[in-house]
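Quick note on labels: first sequence line is chain A, next is B, and so on, each numbered from 1.
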Amino acid sequence: MCLAIPSKIIELDDIMATVEVGGARKSISLQLMPEDVGMGDYVLVHAGYAIQKVDEEAALEAHRLLREIALQMEAEGALHDPFDDEGYVIPPSMPPI
Amino acid sequence: MADMADKQESAQESAQESTKAQALRLSRAIAVANAKIGRPVNLMEVCGTHTVALFRHGIRALLPSGIRLLSGPGCPVCVTGIPDVEAAMALARMPGVVLCTFGDMMRVPGGKLNLFDAKADGADVRIVYSPLDALNLAMDNPDLKVIFFATGFETTSPLVAATLMQAQDKVVENFYVHTVHKLVPPALAALLGSGEVKIDGLILPGHACTITGTVPFEFLAKEHATPSIVTGFGPLDILEGILMILNQIVDGKPSVDIQYRKMVRPEGNPKAQEALRKVFTPADAYWRGIGTIPESGFALKEPYTKREAVAALGPVDIPDYPEPKGCACGEVLKGLKLPTDCKLFGKACTPDKPVGACMVSTEGSCAAYYKYGGEL
């Protein structure tokens, strides 16, 4: 429920941004960001809002962990691709991230 | 290309090997600390993502038998009360209303039915990824009344506050919320204050603390002398968090500290905190299976009160349903019972046919225990 995923900013438009994670893109709000962000920065995204900047190393480490979980779920026979069509790792019956 | 793939694979293997070596080192250090303490230690995690991660990474197998892990009220979906689900269904059944919510709320049992049943019955209930999706739906459909059924702890409530601020700025008159947000610190205060369960240390929620920082949790150390560590979700994060708690017990110096420094700052996210203060005021809230906890939820402040769906569009008829008979969710949420201690567990109550809310959400304690086969 409270899972947040580090995502890379690839486009900026006022208080909105486009982020990329797992090869897919998503439009998110920067309204709650306590600091300025730029292109290429990683932000922690939860349910359509960036909530904090994270450094690249921490972001990539979190992605590795999520990928491991995704593979594990595939091995467990998860019914659909753990990278859903929005590119977010969503276990089968988990709420939106 | 094949070379490169081989190299990548071997790099990944060596990374895994080093994770394993580090995990074993932490596991040994935990055993040493537990021996120094010389008695069993009860640790509680209060985040559903931790509940699942403990199983997924096989953490229990790396801990000495003297460390007992309890799951607390860590899933906002599970603690949503029957009357709140009933109110959501009653709102969704109103003509011209669309009720939007997160996917996991759909299967939470009300008195008899859930939101999927209401939808099958003709109510317009939609799953959204973000409260912003609900706001956009309201803007695109001025003739409809769009309600966001808002659940979640401090990670999620600021997003709903921000969405309400936008609705206000953009004068979107047909956007409402049915908020059942919960606050983590008052629940922990109630739990520790009750003295019903002995908790030696708390594994605090990584992402909720991204918003709150550690200040709202300081009372855990100051008033309850309970070591508390904000912990990440990887296997090494969790083991390190547990070791930090044990070291505090050994030293006899309880404090609130952060293991998850990559993501959590002591001050949290001031902008999100400001959004919460602007839109919400603390209010008593009903936690399923636990009861009403003072100031553990949110009510809307002016000028947002007009967007409280039940007040604005109601009254709604909410029948008085009792908690399901035999369901031990309340005791499970308080750490008094393990899911496997419940008579209904795995028999009358399964993820396919949940009786209690802890079996509904994938991050509920009962669902996690069921999926991973009891206490591993």
Peer 1: Could you list which of residues 271-280 of chain B have a heavy atom closer than 4.5 Å to any heavy atom of chain A, in residue-number order?
Peer 2: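 Answer by number: Lys271(B), Ala272(B), Ala275(B).
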
Peer 1: Please identify each residue that fulfils side-chain hydrogen bond (donor to acceptor under 3.5 Å, both in side chains) with Ser71(B), with sequence neighbours left out.
Peer 2: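 Listed in chain order: Glu45(B).
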
Peer 1: Do you know which two heavy atoms are closest between Leu132(B) and Ser29(A), and how far apart they sit?
Peer 2: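 Where Leu132(B) meets Ser29(A) most closely, the heavy atoms are CD1-CB, 3.7 Å.
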
Peer 1: Please find the pair of heavy atoms, one from Ser130(B) and one from Ala47(A), that lie closest to each other, and give the distance.
Peer 2: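 In this case the closest contact between Ser130(B) and Ala47(A) is OG-O, 2.8 Å.
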
Peer 1: Quick check on the interface: out of Gly232(B), Gly74(B), Gly234(B), Ala162(B), who has the most heavy-atom pairs with chain A under 4.5 Å?
Peer 2: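 Heavy-atom pair counts peak at Ala162(B).
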
Peer 1: Which value, rounded to the nearest 0.5 Å, describes the distance between Arg64(A) atom CZ and Thr19(B) atom OG1?
Peer 2: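 So the gap between those two atoms works out to 8.5 Å.
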
Peer 1: Can you tell if the side chain of Leu65(A) reaches within under 4.5 Å of the side chain of Pro235(B), non-hydrogen atoms only?
Peer 2: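 Result yes, sub-4.5 Å side-chain heavy-atom pair found.
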
Peer 1: Tell me every residue that passes side-chain hydrogen bond (donor to acceptor under 3.5 Å, both in side chains) with Gln52(A), counting only those two or more places apart in sequence or in another chain.
Peer 2: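 Not a single residue meets the side-chain hydrogen bond (donor to acceptor under 3.5 Å, both in side chains) criterion with Gln52(A).
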
Peer 1: Between Glu35(A) and Arg265(B), is there a salt bridge with N-O shorter than 4.0 Å?
Peer 2: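 Salt bridge: yes.
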
Peer 1: How about Ile211(B) and Leu32(A): do any of their side-chain heavy atoms sit closer than 4.5 Å?
Peer 2: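 Not in contact.
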
Peer 1: Any side-chain heavy atom of His207(B) sitting closer than 4.5 Å to one from His46(A)?
Peer 2: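 They are not in side-chain contact.
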
Peer 1: Give, for atom CG of Asn269(B) and atom NZ of Lys53(A), the distance between the pair rounded to the nearest 0.5 Å.
Peer 2: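 Taking CG in Asn269(B) and NZ in Lys53(A), the distance rounds to 13.0 Å.
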
Peer 1: To the nearest 0.5 Å, tell me how far Ile28(A) CD1 sits from Tyr129(B) OH.
Peer 2: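 One gets 7.5 Å once the value is rounded to the nearest 0.5 Å.
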
Peer 1: Does Asp140(B) CG have over 12 foreign heavy atoms under 6.0 Å away?
Peer 2: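 Check passes, neighbour count above 12.
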
Peer 1: In the structure I gave you, are the side-chain heavy atoms of Met263(B) and Pro6(A) within less than 4.5 Å of one another anywhere?
Peer 2: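 Yes, at least one pair of side-chain atoms sits under 4.5 Å.
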
Peer 1: Listed by chain and number, what are the side-chain hydrogen bond (donor to acceptor under 3.5 Å, both in side chains) partners of Thr163(B), not counting sequence neighbours?
Peer 2: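 Expected list: Tyr49(A).
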
Peer 1: With a 6.0 Å cut-off (strictly less than), is the heavy-atom count around CD of Glu267(B), excluding the residue itself, greater than 12?
Peer 2: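 Above 12, so yes.
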
Peer 1: By a 4.5 Å heavy-atom criterion (distance strictly below it), what part of Glu61(A) contacts chain B: side chain, backbone, both, or neither?
Peer 2: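 Only the side chain of Glu61(A) comes within 4.5 Å of chain B.
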
Peer 1: Measure Val52(B) against the heavy atoms of chain A and call it side chain, backbone, both or neither at under 4.5 Å.
Peer 2: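 No part of it gets close to chain A.
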
Peer 1: Are Ile51(A) and Pro158(B) close enough that some pair of their side-chain heavy atoms sits under 4.5 Å apart?
Peer 2: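 Result no, sub-4.5 Å side-chain heavy-atom pair not found.
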
